[in-house]
*Asks:* 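Quick one: this structure, given as structure tokens, is what I'll be asking you about.
Scope of the values below: all heavy atoms of this structure, side chains included, with no hydrogens, waters or symmetry mates. Atoms within each ligand, like the ligands themselves, are counted from 1 in listed order.
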Amino acid sequence: MSDIRFPAHPTLAGAVWPEAASTRLRFGRAALLALLGSAVMALSAKLSVPFYPVPLTLESLAVILIGAAFGARLAGAALVLYLVEGALGLPVFAGTPAHGLGLAYMAGPTGGYLLGFVLAAVVVGFFAERGADRSVPRLLGAMALGHAILFATGYAWLARLIGPEAAWTAGVLPFLLGTAVKTLLGALLVPSVWNLVGKRR
Ligand SMILES: O=C(O)CCCC[C@@H]1SC[C@@H]2NC(=O)N[C@@H]21
């Protein structure tokens, strides 16, 4: 009989810290990893160049790495937790507290990216769980797709606020080169870590 809890391709998180059999331990592990993921997001938001209305940050790199290392469900949980922390008023987003806090900040220019982070992490995690995290070209594709998703939601939301042309100029164009570099970096890093983990076992 197959066990749906242990996929054919365990994630990096699963290889480094395997799931326990007991429900309580599994829940504790998931909660700690989700907290860790949300802390990495908050840190990556603060490593930023404060352009306005859309800052340059390391958040999208963190999103694709969390997706690839955690898998879909855990990455989704970490990113939802990140948004909940922000919605509750913690200064975890790039422009907080200078440009507001909580739901008011999330309804601002970068709200679409924040939503896209959750979707992108889940999509990258989906492909990682199917083995893409072991292959540079496959992970490159998954991470490029994740980036396309978060830019689509980010652009769509920003365009409603400032118009399609201004949204393209302020929210997409300045980030294209950096996004290509982040995608390449993510796709090279995760399979390399897998190689190290594999050699230690
Ligand atoms: O307010 C936030 O914390 C979210 C900022 C979103 C910044 C977006 S993510 C994609 C693109 N790449 C960047 O470096 N900045 C924008």
*Asks:* So, using ring-ring contact (aromatic ring centres under 6.0 Å, His included) as the criterion, who are the partners of Tyr105 when residues are at least two apart?
*Replies:*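 So Tyr105 forms a ring-ring contact (aromatic ring centres under 6.0 Å, His included) with Phe93.
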*Asks:* Applying ring-ring contact (aromatic ring centres under 6.0 Å, His included), can you list everything that pairs with Phe117, at least two apart in sequence or on another chain?
*Replies:*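 Checked Phe117 against ring-ring contact (aromatic ring centres under 6.0 Å, His included); zero matches.
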*Asks:* One line per pair, note the atom names and distance for all nitrogen or oxygen contacts under 3.5 Å between ligand 1 and the protein.
*Replies:*
unit_1, atom_1, unit_2, atom_2, d
ligand 1, 1 (O), Tyr105, OH, 2.5
ligand 1, 1 (O), Thr110, OG1, 2.7
ligand 1, 3 (O), Glu59, OE1, 3.2
ligand 1, 3 (O), Glu59, OE2, 2.8
ligand 1, 3 (O), Ala94, N, 2.8
ligand 1, 14 (O), Thr57, N, 2.9
ligand 1, 14 (O), Thr57, O, 3.2
ligand 1, 14 (O), Lys182, NZ, 3.1
ligand 1, 15 (N), Pro55, O, 2.7

*Asks:* Please check this pair: side chain of Tyr113 against backbone of Leu158, looking for a donor-acceptor N/O pair closer than 3.5 Å.
*Replies:*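 Side chain of Tyr113 to backbone of Leu158, a donor-acceptor pair under 3.5 Å: no, none is there.
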*Asks:* Between His147 and Thr179, is a side-chain hydrogen bond (donor to acceptor under 3.5 Å, both in side chains) present by the stated rule, with each step listed?
*Replies:* CA-CA 7 Å; His147 264 132; Thr179 299; 4.8 Å; no
*Asks:* Is the backbone of Ala156 close enough, under 3.5 Å, to the side chain of Arg160 for a donor and an acceptor to pair up by distance?
*Replies:*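 Pair absent, no side-chain N/O of Arg160 close to backbone of Ala156.
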*Asks:* Output the rest of the hydrophobic cluster of Leu25: all Ile, Leu, Val, Met, Phe, Trp and Tyr residues reachable through side-chain heavy-atom contacts under 4.5 Å, sorted by chain and number.
*Replies:*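 Joined to Leu25, directly or through intermediates: none.
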